[in-house]
Number of protein chains: 4
Amino acid sequence: MPKLGMEPIRRAALIDATIAEIGAAGTLDITVGQIARRAGVSSGLAHHYFGGKDDMLMAAMRHVMREYAREVRLGLAVAQTPRARLEAIVRGSFAASNFTPDTIGSWLNFYVLALSSGPARRLHRIYAKRLRSNLCHALRPLVGTRADNLGAQTAALIDGLYLHQGLSPTVPDGDTAIRQVMSHLDRELKG
Amino acid sequence: MPKLGMEPIRRAALIDATIAEIGAAGTLDITVGQIARRAGVSSGLAHHYFGGKDDMLMAAMRHVMREYAREVRLGLAVAQTPRARLEAIVRGSFAASNFTPDTIGSWLNFYVLALSSGPARRLHRIYAKRLRSNLCHALRPLVGTRADNLGAQTAALIDGLYLHQGLSPTVPDGDTAIRQVMSHLDRELKG
Amino acid sequence: MPKLGMEPIRRAALIDATIAEIGAAGTLDITVGQIARRAGVSSGLAHHYFGGKDDMLMAAMRHVMREYAREVRLGLAVAQTPRARLEAIVRGSFAASNFTPDTIGSWLNFYVLALSSGPARRLHRIYAKRLRSNLCHALRPLVGTRADNLGAQTAALIDGLYLHQGLSPTVPDGDTAIRQVMSHLDRELKG
Amino acid sequence: MPKLGMEPIRRAALIDATIAEIGAAGTLDITVGQIARRAGVSSGLAHHYFGGKDDMLMAAMRHVMREYAREVRLGLAVAQTPRARLEAIVRGSFAASNFTPDTIGSWLNFYVLALSSGPARRLHRIYAKRLRSNLCHALRPLVGTRADNLGAQTAALIDGLYLHQGLSPTVPDGDTAIRQVMSHLDRELKG
DNA sequence: AATGAATGAGTTTTCATTCAT
DNA sequence: GATGAATGAAAACTCATTCAT
């Protein structure tokens with residue numbers, strides 16, 4: 001019998017390598033060979049487990065989204081008040097675990113990929129819908145009917161900060177981003 | 001007999017074709033042949049005038065940025081109050097002339113290109129700096145030292161709305177975006 | 001505890017799977033994986049038993065030829081007259097047991113493989129020589145020196161009918177083929 | 001202006017090279033690079049003019065069929081009697097211009113390709129139908145209702161002789177093949 | 001000025017084959 | 001005996017770029 005159960009290990013390694021490679025290159029124009037090399041396997045194996053380059057990209061995008069969702073979920077689980085729920089969502093969005101240069105670079109590339117790829121578009125829609133819904137749900141008790149507007153605005157602000165931090169020459173700083181969104185929200189809630 | 005003065009005409013046609021092609025494809029992964037065909041010339045001529053594909057992309061990016069800057073400049077020229085200056089900047093950002101699906105698609109692609117291409121990064125920095133500086137300059141008389149923070153926040157919101165509208169399944173709606181930013185600003189100014 | 005005597009079983013299963021796969025695909029461009037899957041084993045095992053893909057193909061070709069030869073031999077064993085011997089050869093060539101779509105498809109592919117592969121060519125020569133010799137031997141008492149010519153002609157007719165039936169959109173029909181060859185022979189013998 | 005009108009020249013050269021390469025290799029498992037090299041161009045150009053390897057193969061098959069049809073047509077044009085028509089068809093089938101080792105090898109490979117490729121199958125059907133129809137048409141005045149049977153038989157014999165000559169170690173000999181078919185026909189007509 | 005011809009490097013993908021267990 | 005893991009060579013195909021005319 002051969003080494004068994006390598007598949008999940010390899011898949012995980014290849015997904016990590018994909019994100020790292022996109023992050024390092026800043027583009028999706030990377031080769032399967034680069035990814036495979038980074039993961040320490042042959043390019044053939046990458047195809048064996050994923051079928052093709054696009055499937056690998058989509059798997060990486062899904063992974064990034066899942067990690068983000070997990071982070072938010074964990075935060076929401078312990079939040080007791082609407083205000084705390086809001087903060088959990090925002091903190092999750094910029095949590096240190098996902099707010100690394102590589103991950104941000106991948107996010108931004110995946111965003112734009114959604115313009116040309118059906119699967120990426122569907123995945124992005126899920127993310128966008130969930131973020132909006134989470135925000136609105138937390139805002140409703142606080143601002144009533146204005147929740148929809150404010151939720152959309154906040155979602156845009158979050159993505160805009162992602163963009164800015166991703167493109168800024170400085171190292172990404174999640175805490176600053178969190179403060180910016182929360183201070184914006186606090187002002188809106190007070191008003 | 002060579003037609004004289006074709007250069008600016010060809011260059012403009014090729015730049016327009018580039019933006020249209022990126023917009024249609026949703027990606028920078030378009031071929032020089034596609035661009036040339038859309039512009040009604042041969043691919044050889046495209047190289048003749050631009051040197052290479054990258055130069056064409058950069059020229060298109062520069063064009064998009066220039067159009068945007070022109071729009072803002074025109075608005076600022078007639079603005080009499082700080083509040084009017086703010087509105088001019090925001091209106092310029094979502095002016096109908098530049099807020100078409102093709103242009104938005106190109107913008108987003110150029111944003112992300114700035115992650116991997118030096119020239120694109122430099123161009124993006126110029127845009128980012130100018131937007132920030134315009135906003136802060138207009139905000140200073142209104143909120144004093146808070147102008148920097150609020151400017152950065154507003155810039156992020158603007159880019160975030162670009163992203164959202166670009167990725168939304170609905171047709172882009174500049175007026176809604178303008179209203180969202182202005183209502184945000186008004187709230188912040190009142191507070 | 002290793003199962004004993006698996007080798008002949010596995011080999012037979014793999015050979016059958018090879019023929020079925022070639023028949024289904026209509027080409028030798030099938031993968032070892034497909035064959036192995038059809039045989040219900042791993043691709044590694046296929047190599048273990050056969051050494052390589054080419055060896056598997058040759059084993060399949062040999063198998064098909066042997067089955068054909070067996071069929072003819074059985075017919076000849078009970079044939080009492082030269083005419084009966086002739087009919088036995090022809091019947092054997094289109095015997096229901098070998099004249100299935102899969103087998104015909106494999107035959108045709110093996111024929112053409114003989115153009116590029118030494119081993120396949122040698123195998124084909126054996127088949128061709130035996131068919132010719134069988135036919136001539138049976139014809140000699142009937143047509144004397146014309147046996148050689150008529151034998152060659154008949155052999156060509158048999159192979160041509162194989163080709164036609166293999167490529168015809170209708171289901172292969174051995175009886176018709178037998179009748180065609182026999183009526184041809186009868187006419188030649190009468191004349 | 002560049003060298004104009006190269007397309008038909010290149011296409012012809014590539015088709016010839018394809019047939020020569022298949023003939024030399026005895027298989028369709030040849031690379032586009034081999035074909036291109038033989039034609040004296042780059043592999044990129046081959047793709048440029050044909051779209052892909054399959055299209056090249058089909059173009060070559062079509063070419064071979066056309067040359068054959070032309071040969072038969074020329075013969076039929078001057079044939080005055082049914083017997084002469086028959087001979088024209090047979091002579092055309094084994095005309096020196098098409099009965100070279102390369103062409104025969106290509107024919108046989110294309111025959112078998114018809115088992116797995118839709119386009120090849122359609123092309124082959126055209127050829128088969130035409131040969132049959134030509135033969136039956138010429139036979140009808142001579143043998144009446146038996147024309148269909150005899151036509152099918154003769155077609156099979158012709159293809160069978162192709163196969164035999166293609167696979168024979170000796171150099172192809174059209175004259176012998178012609179004599180074999182004609183003597184067969186003469187016998188059948190007499191009877 | 002402008003074109004279409006032509007190249008060739010680079011990428012994805014497939015698959016026979018090997019091997020540790 | 002048997003497997004699934006893993007490799008890497010080979011091939012199709014794309015496309016930016018160059019060039020003769």
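Residue numbers begin at 1 in each chain, while the letters A, B, ... track the order of the sequences.
For the salt bridge (charged side-chain N to carboxylate O under 4.0 Å, His left out) test with E21(B), the passing option among R38(B), R37(B), K53(B) is R38(B); the others fail.
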Sugar-phosphate or base contact per nucleotide [nucleotides 6-13 of chain F; S, B, -; heavy atom under 4.0 Å]: BBB--SSB
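Rounded to an integer number of Å, the gap from CG of D55(C) to C1' of dT17(E) is 12 Å. Taking atom CG of residue L4(D) and atom P of nucleotide dT3(E), one finds them 12 Å apart after rounding to whole Å. As a whole-Å value, the separation of F50(C) CZ from dA2(F) P is 13 Å. Put simply, CD1 on I35(C) is 18 Å from P on dT14(E), counting in whole angstrom units. Between the CE atom of M58(B) and the P atom of dA16(F) there is a distance of 17 Å, given to the nearest Å. Protein atom CZ of R11(A) is 15 Å distant from nucleotide atom C1' of dA5(F), rounded to whole Å. In this structure, CZ of R37(B) is placed 14 Å from C1' of dT3(E), rounded to the nearest angstrom.
Applying the ring-ring contact (aromatic ring centres under 6.0 Å, His included) criterion to F110(C), with sequence neighbours excluded, gives no partner residue.
The two residues S43(A) and G33(A) have their closest heavy-atom pair at CB-CA, 4.3 Å. Residues L115(D) and G166(C) share a closest heavy-atom pair of CD2-O, 3.5 Å.
Pairing analysis of DNA chain F (Watson-Crick: purine N1 to pyrimidine N3 plus N6-O4 or O6-N4; G-U wobble: N1-O2 and O6-N3; both under 3.5 Å) yields stems of 3 or more pairs at E:2-21 with F:2-21.
Considering only heavy atoms from C-beta on, M6(B) comes within 4.5 Å of Y49(B) through its side chain.
Classified by interplanar angle (parallel below 30°, tilted 30° to 60°, perpendicular above 60°), the ring pair W107(B)/Y68(B) is perpendicular.
The distance from the CG atom of L108(C) to the OH atom of Y111(D) is 11.0 Å, given to the nearest 0.5 Å.
Panel note: side chain N109(C), backbone G26(C); a donor-acceptor pair is recorded below 3.5 Å.
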